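In what follows, a single structure is set out as structure tokens and then discussed.
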Amino acid sequence: GKHKHKEMAVSMDKGKATMLLDECDDLARQLEDMRKEKELLTKEVEDLKRQRDACKTAQYPDLRFPDEMVNGRRALECPIGVMTDSYKATHCWMYPEAKRMTAYGEFRAPYKGVGVDDDRFVFFGMRHCIENVVNRRWTVQDVEAAESFYSTHNAGATPYPFPKDLFLKFVRENDGYFPVTIEALPEGTVAHVRTPAFTITAEDEYARLVTFLETVLDQVWYPSCVATLSRFVRDVIEDAFRKSVDEELHWLVDSRLHDFGFRGCTCVEQSVIGGAAHLLNFDGSDTMSACYHVQYHLNNGKPVGSSIPASEHSVMTAWPDEEGAMKNEVEHYGHSLFACVMDSYDYDNALDVVLPRVAEQVKEKGGTIVLRPDSGEPLEQVLKALTAAERTFGVTVNKKGFKCLQNSAVIQGDGVDYASIKSILAAVLAHGYAASNVAFGMGGGLLQKMNR
């Protein structure tokens with residue numbers, strides 16, 4: 001009996017082992033099937049990538065797109081339910097009941113500081129507001145996060161009223177999108193003040209939420225002001241070109257005002273929004289954040305903003321003398337346009353003594369050196385640079401009788417605003433030079449020194 005019992009136990013152990021082996025075989029087959037499926041999926045993904053790249057190359061054969069393109073979104077610092085002024089959250093109980101309500105936004109006064117009788121503005125920036133804030137799906141978590149904040153936002157750290165039920169209703173019934181219709185002037189539109197720039201319409205139970213988004217939409221004032229100022233400056237430059245530059249060179253207007261404003265902005269986002277507004281009127285910009293955003297997010301990968309190699313004071317003073325610094329810059333970039341700051345030590349000496357020592361090297365390279373004063377009285381310094389460049393490189397006279405520098409130009413990037421550009425160009429023409437000899441770099445005056 002004991003012997004039979006042992007035989008049965010051995011037989012059962014063998015049976016379990018066989019079952020385990022069969023299960024292992026099944027798992028191995030499943031893993032192999034998954035591996036093959038993964039290979040197929042990987043191949044499909046690679047094929048799709050090749051098709052995508054082929055489409056891009058066919059559409060823009062001269063461009064190479066980055067792997068990750070700007071999508072216009074960023075991490076929000078707060079739930080969208082609190083992206084408004086406090087009092088907006090209480091207005092749904094203050095409005096009378098209505099089937100449909102419409103609100104509008106407008107510019108009520110002309111741009112100040114340019115001294116012209118022109119009440120027009122350039123509208124820009126609504127797309128940024130819509131794509132980055134408004135056109136975002138709300139979630140229950142957004143509403144709950146807002147509720148946590150509102151619970152202590154009233155005076156005395158008590159609960160603040162907000163339309164929680166309406167928020168949750170459109171999360172459930174409108175796929176999380178704020179239930180309003182927004183209409184706006186097309187980006188870049190030129191209109192007179194008091195023209196409605198945008199309208200917001202809400203209907204039925206959501207009618208009383210009509211102005212909840214007004215706060216973020218009103219932020220179009222900033223890019224619109226930048227675009228308007230930049231346009232007024234272009235008017236001044238175009239007028240100077242009409243008077244002094246041959247028509248075949250009027251394309252140079254696009255590069256005559258350069259955005260130097262990145263470092264003066266309050267944040268990167270401001271540099272993108274304001275810098276993009278400037279690029280409506282000019283293509284010169286050192287604010288690469290805006291250039292990249294416009295190129296890849298707004299313009300299908302086609303370049304808009306451009307710049308040139310240029311020195312700064314730290315570069316010039318890193319060398320034993322300015323002559324060595326300038327010759328090194330010419331050696332690297334002298335085949336094309338490049339800018340050199342001229343006031344690191346002694347502006348007059350750099351123009352009168354150092355510049356002639358590098359002139360032959362510039363001519364041999366065949367490029368154009370752009371002289372940049374960066375201190376002193378702007379008008380006086382520009383005229384000094386023009387005179388020195390004429391003396392060193394020579395000039396030709398265009399069909400309108402104005403002098404055009406050879407192998408050289410001037411850019412004024414210090415203390416630049418609308419008024420200084422106007423006065424400098426008037427003086428340039430009065431001294432017989434064409435407006436095409438001079439460009440301007442505008443920093444804080446372009447992106448920062450304004451209010452609504």
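Here the structure is a predicted model, which means the values were calculated and not measured. Quick note: residue numbers are just sequence positions, from 1. Side-chain atoms are counted along with the backbone in the values below, which use heavy atoms only and exclude waters and symmetry mates.
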Just do the side chain to side chain contact (heavy atoms under 4.5 Å, CB included) check on E183 and F198 with the steps written out, would you? CA-CA 5 Å; E183 298 175 279; F198 65 85; over 6 Å; no

Pairwise distance CG(L209) to CD(E203) - rounded to 0.5 angstrom: 13.0 Å

Please step through side chain to side chain donor-acceptor pair (under 3.5 Å) for the pair T84 and T215, ending with a clear verdict. CA-CA 5 Å; T84 190; T215 302; 3.1 Å; yes

Looking at D85 and K88, does any basic side-chain N land under 4.0 Å from a carboxylate oxygen? no

Donor-acceptor check, side chain of Y222 to backbone of L447, threshold 3.5 angstrom: yes or no? yes

For G401, is there any backbone N or O sitting under 3.5 Å from a side-chain donor or acceptor partner on N398? yes

Salt bridge check, D204 against K99: does any charged N sit closer than 4.0 Å to a carboxylate O? yes

Residues P373 and Y347: closest non-hydrogen pair is CB-OH, 3.4 Å

Do V370 and I308 make a side-chain contact, defined as non-hydrogen atoms from C-beta onward lying under 4.5 Å apart? yes

Starting at CG of L425, measure out to OG of S244 and round the result to the nearest 0.5 Å. 8.0 Å

Quick check: do F212 and Y206 have side-chain heavy atoms less than 4.5 Å from each other? no

Hey, what's the ring geometry for Y296 with Y292, parallel, tilted or perpendicular (30° and 60° as the breaks)? tilted

So how far is it from E322 CD to R357 CZ, rounded to the nearest 0.5 Å? 10.5 Å

Could you give me the CA-CA distance, side-chain angles and deciding distance for E390 and Q406, then say whether side chain to side chain donor-acceptor pair (under 3.5 Å) is met? CA-CA 8 Å; E390 178 183 2; Q406 301 296 290; over 6 Å; no

Taking all non-hydrogen atoms of both residues into account, name the closest pair between Y95 and M101 and its distance. CD2-CE, 3.6 Å

Starting at CD1 of I130, measure out to CG of L217 and round the result to the nearest 0.5 Å. 5.5 Å

To the nearest 0.5 Å, how far apart are CG in L257 and CG in L446? 6.0 Å

So, D165 and K169, do they make that salt bridge, N to O below 4.0 Å? no

Stacked cation flag R234 on F282, 6.0 angstrom / 45 deg: yes

Under the criterion side chain to side chain contact (heavy atoms under 4.5 Å, CB included), I'd like the reasoning laid out for F178 against W138: C-alpha separation, chi angles, the key distance, then a yes or no. CA-CA 8 Å; F178 204 93; W138 291 43; 3.6 Å; yes

Give the C-alpha distance, both sets of side-chain angles, the deciding distance and a yes or no for salt bridge (Lys or Arg N to Asp or Glu O under 4.0 Å) between E331 and K365. CA-CA 8 Å; E331 180 62 30; K365 285 284 187 177; 3.7 Å; yes

Could you tell me whether the side chains of S271 and T287 share a donor-acceptor contact shorter than 3.5 Å? no

Decide yes or no for L337 and I369: does some side-chain heavy atom of the first lie under 4.5 Å from some side-chain heavy atom of the second? no

In terms of heavy-atom contacts, S408 and A389 come closest through OG-CB, 3.5 Å

Cationic N near anionic O, under 4.0 Å, R231 to E238: yes

Flag side-chain contact, heavy atom, 4.5 Å: Y418 against V236: yes

Kindly indicate, with the supporting measurements, whether the criterion salt bridge (Lys or Arg N to Asp or Glu O under 4.0 Å) is fulfilled by R391 and D352. CA-CA 9 Å; R391 184 171 58 246; D352 300 335; 2.7 Å; yes

Grab the two heavy atoms, one from Q448 and one from C265, that are nearest each other, plus how far apart they are. OE1-CA, 3.8 Å

Hey, are E106 and R108 close enough for a salt bridge, meaning a charged N less than 4.0 Å from a carboxylate O? yes

Contact between F402 and Y433 at the side-chain level, heavy atoms closer than 4.5 Å - yes or no? no

Going through the distances and angles, do H278 and D259 end up as a side chain to side chain donor-acceptor pair (under 3.5 Å)? CA-CA 7 Å; H278 166 71; D259 175 4; 5.6 Å; no

Given salt bridge (Lys or Arg N to Asp or Glu O under 4.0 Å), test R372 with D374 step by step and report yes or no. CA-CA 6 Å; R372 180 166 72 91; D374 199 44; 3.3 Å; yes

For Y150 and F162, take the angle between the two ring planes, folded into 0 to 90°, and tell me which bin it lands in: parallel under 30, tilted 30 to 60, perpendicular over 60. parallel

Is the closest side-chain heavy-atom distance between V233 and K422 below 4.5 Å? no

Would you call K399 and E248 a salt bridge, using N to O less than 4.0 angstrom? yes

Go through it in stages, so that I can follow the logic: the residues are H128 and E269, the test is side chain to side chain donor-acceptor pair (under 3.5 Å), and I'd like the CA-CA distance, side-chain angles, deciding distance and then a yes or no. CA-CA 10 Å; H128 183 87; E269 186 178 29; 3.2 Å; yes

If you measure from OG on S375 to CE on M342, what distance do you get to the nearest 0.5 Å? 11.5 Å

Can T368 and N407 be counted as having a side-chain donor-acceptor contact under 3.5 angstrom? no

So which heavy atom on V245 is nearest to which on K400, and how close? O-NZ, 3.0 Å

Are F232 and V122 packed together at the side-chain level, in the sense that at least one heavy-atom pair is separated by less than 4.5 angstrom? no

So do the side chains of V171 and T139 get within less than 4.5 Å of each other, counting heavy atoms only? no

Shortest non-hydrogen separation from V341 to S311 and the atoms involved: N-OG, 3.1 Å

Is the distance between the ring centroids of H258 and F260 under 6.0 Å? yes

Verify salt bridge (Lys or Arg N to Asp or Glu O under 4.0 Å) between D175 and R137, making sure each step is shown before the conclusion. CA-CA 7 Å; D175 199 24; R137 294 176 66 184; 2.7 Å; yes

